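What you see is a predicted model; the values in this text were computed from it and never measured. A, B, ... follow the sequence lines: proteins, then strands. Residue 1 opens every chain.
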Protein chains: 2
Amino acid sequence: MSLRIALLGLLAAAGPASGYDLAKKFETSVSHVWQAGHSRIYPELARMTAGGLIAVEAEGPRGRKTYGITPDGEAELRRWLLGHTPVSTRRDETDLQAFLVPLLEPDEAIAVLRRMKDGWERKLAELESLQAMRPAAENATEEWGPGWLGAYALDFRLRMEQALIDWAADTIADIERRRPADPASTGPAVIDMTASPAS
Amino acid sequence: MSLRIALLGLLAAAGPASGYDLAKKFETSVSHVWQAGHSRIYPELARMTAGGLIAVEAEGPRGRKTYGITPDGEAELRRWLLGHTPVSTRRDETDLQAFLVPLLEPDEAIAVLRRMKDGWERKLAELESLQAMRPAAENATEEWGPGWLGAYALDFRLRMEQALIDWAADTIADIERRRPADPASTGPAVIDMTASPAS
DNA sequence: GTTGGCATGTAACCGGTTACATGATTTT
DNA sequence: AAAATCATGTAACCGGTTACATGCCAAC
């Protein structure tokens with residue numbers, strides 16, 4: 001259902017668009033928040049048209065179909081936004097890596113965490129440059145409205161990246177603090193299972 | 001591939017277990033980080049056994065099969081943890097909601113954000129109580145090892161929840177600041193599309 | 001006239017969820 | 001004897017990814 005909502009949201013906020021347009025928006029603006037390829041978008045648009053949530057408003061050159069949101073579609077979108085309790089089915093590989101990283105030797109764990117941190121820092125820089133690009137009007141006194149779409153989400157993502165970076169830094173520091181000072185103990189890189197034979 | 005890694009990780013950290021045991025661990029300890037139902041776990045265990053990553057170590061009462069990780073399995077796990085660059089395919093409905101919330105009227109948006117914040121605060125409290133329950137030994141001077149599994153992940157999740165709560169609080173404040181003071185402008189609850197007809 | 005971007009779609013596959021299905025053992 | 005829990009599996013469905021397939025139009 002979420003792809004449907006994302007599409008309705010884009011049509012509501014930015015006006016009529018074709019499947020191609022929407023796919024490109026998913027690649028650019030929305031990509032930090034949701035991803036979808038055209039191969040899922042086209043069938044979904046067809047189903048939504050059949051369901052009366054959107055309608056073909058115009059047909060263009062290369063078989064281009066421009067879709068617009070219908071009142072039914074707006075109602076559906078509103079219902080979701082107002083009534084939907086977000087079921088947070090987190091399934092990010094990063095979480096899993098955070099969970100399993102203690103299985104590695106300290107030096108290895110630190111190396112892995114450094115790599116993760118580097119990636120997040122690059123991502124953060126990218127998002128910050130995006131934020132800097134936003135027109136000043138949006139940062140100032142402009143009134144509430146669809147133009148704001150994305151500003152809060154960007155802030156949201158920025159905070160997430162920052163939290164990830166902080167976690168990595170603190171975890172690296174913690175491992176270094178605990179690491180046995182004896183260099184000989186940095187032994188063979190094998191998972192040690194003897195310490196906890198059972199749960 | 002990630003379910004496979006999660007299963008290998010559990011077997012490496014906590015020793016041999018049955019599919020049933022693993023499914024229960026997914027419900028409890030791992031659930032904050034990764035979810036999987038038994039209907040995916042059993043076939044995956046079968047495939048991993050066929051691939052030599054795990055092996056049936058014992059058979060119990062009700063057809064119970066206890067699996068243990070093999071050297072090949074450990075190697076696979078290590079390879080993933082060391083070499084895997086996390087492809088962060090975030091697809092959390094919360095992100096989407098953050099993105100679309102400006103489509104609502106200020107009052108509505110605030111109500112939605114408050115609800116989200118409440119949920120995260122409950123989750124945070126739950127995680128904090130989990131953290132408090134951890135044996136003191138783990139917080140002190142214990143050496144690096146598989147016993148640490150979960151402590152960093154818990155910290156990770158705590159930081160995420162806190163960042164979400166902060167974002168919601170600041171966003172609510174921002175909307176309130178911008179909201180037109182005139183009560184009459186809190187008009188019909190319809191998505192206004194006139195302000196931005198095209199991207 | 002050829003390259004590149006516009007534009008739409010389908011098919012195979014993969015991983016996850018929900019529901020179906022069965023039966024053994026232990027506890028009350 | 002009944003209920004709860006242990007324990008394993010399969011099937012239908014759904015959503016997403018990758019790859020396949022086609023063709024139009026504009027620019028160089």
Side-chain angles (χ1 to χ4, degrees), chain A residues 1-8 10-11 16-28 30-31 33-51 54 56-67 80 84 86-93 95-96 199, chain B residues 1-8 10 16-28 30-31 33-51 54 56-67 80 84 86-93 95-96 198-199:
Chain A
M1 270 313 94
S2 294
L3 172 59
R4 171 166 297 197
I5 297 302
L7 291 169
L8 286 173
L10 284 177
L11 289 176
S18 69
Y20 188 83
D21 297 337
L22 292 165
K24 284 187 76 178
K25 268 177 199 159
F26 269 95
E27 272 172 27
T28 56
V30 204
S31 67
V33 152
W34 202 265
Q35 303 98 247
H38 74 273
S39 65
R40 289 266 336 133
I41 291 173
Y42 286 122
E44 185 62 35
L45 288 173
R47 244 173 323 189
M48 287 161 79
T49 307
I54 58 176
V56 177
E57 300 209 334
E59 305 215 9
R62 303 169 198 76
R64 176 191 171 91
K65 283 177 258 180
T66 309
Y67 294 92
W80 189 87
H84 178 75
V87 274
S88 200
T89 40
R90 296 190 53 81
R91 206 189 307 268
D92 195 315
E93 289 184 353
D95 295 38
L96 187 60
S199 169
Chain B
M1 268 315 91
S2 294
L3 172 60
R4 171 166 298 197
I5 297 302
L7 292 169
L8 287 173
L10 283 177
S18 70
Y20 188 83
D21 297 337
L22 291 165
K24 284 188 77 178
K25 269 178 198 159
F26 269 95
E27 273 172 27
T28 56
V30 204
S31 68
V33 152
W34 203 265
Q35 302 97 247
H38 74 274
S39 66
R40 289 262 340 130
I41 291 173
Y42 286 123
E44 185 61 34
L45 288 173
R47 244 173 321 187
M48 287 161 79
T49 307
I54 59 176
V56 178
E57 299 206 338
E59 306 214 8
R62 304 168 197 77
R64 176 192 171 89
K65 282 178 260 181
T66 307
Y67 293 93
W80 188 87
H84 177 76
V87 275
S88 199
T89 40
R90 296 188 54 80
R91 206 188 307 267
D92 196 314
E93 288 184 355
D95 295 38
L96 187 59
S199 170

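- Summarising the geometry, the separation between CZ on A/F26 and P on C/dA7 is reported as 17 Å, rounded to the nearest angstrom.
- Note on B/K24: a side-chain N or O is less than 4.0 Å away from OP1 or OP2 of D/dC6.
- One finds a salt bridge joining B/R64 and B/D21 here, because a Lys/Arg side-chain nitrogen approaches an Asp/Glu carboxylate oxygen to under 4.0 Å.
- Considering only the side chain of B/P61, C/dT25 comes nearest among C/dG16, C/dA7, C/dT25.
- Note on A/R4: every side-chain N or O is 4.0 Å or more away from OP1 and OP2 of D/dC14.
- Each of B/R40 and A/S2 lies near DNA chain D, and the nucleotide nearest B/R40 is the one positioned closer to the 5' end.
- Rounded to an integer number of Å, the gap from CG of B/L45 to P of C/dG16 is 13 Å.
- Atoms OG and CZ, from A/S18 and A/R62 in turn, are 10.5 Å apart once rounded to the nearest 0.5 Å.
- In this entry the distance linking CZ of A/R91 with P of C/dC14 reads 18 Å, nearest Å.
- The CD atom of A/E59 sits 17 Å away from the C1' atom of D/dC25 (whole-angstrom rounding).
- Rounding to whole angstrom units, CD of residue B/E27 and P of C/dT18 are separated by 12 Å.
- Across C/dG9, D/dG15, C/dA7, the shortest atom-to-atom separation from the side chain of A/H38 is found for C/dG9.
- Side-chain proximity of B/M1 to D/dT8, C/dG15, D/dG16: nearest is C/dG15.
- To the nearest 0.5 Å, the span separating CD1 on B/I54 from CE on B/M48 amounts to 4.5 Å.
- A/R4 contributes no side-chain N or O that, together with a main-chain N or O of A/E44, makes up a donor-acceptor pair within less than 3.5 Å.
- Computed from coordinates, the B/E44 CD to C/dG16 C1' distance equals 12 Å when rounded to whole Å.
- For C/dT25, the OP1/OP2 oxygens have no side-chain nitrogen or oxygen of B/R62 closer than 4.0 Å.
- What separates OH of B/Y42 from C1' of C/dG15 is a distance of 19 Å, to the nearest Å.
- The base of C/dT18 lies close enough to the side chain of B/S39 for a donor and an acceptor atom to sit less than 3.5 Å apart.
- Defined by atom type and a distance below 3.5 Å, a donor-acceptor pair is present between the side-chain atoms of A/E93 and B/S2.
- The CD atom of A/Q35 sits 17 Å away from the P atom of D/dG15 (whole-angstrom rounding).
- You'll find that the side chain of B/R64 is closest to D/dA7, out of D/dA7, D/dT17, C/dG15.
- Taking every side-chain heavy atom of B/P43 into account, D/dT10 is the closest of D/dT10, D/dG9, C/dG9.
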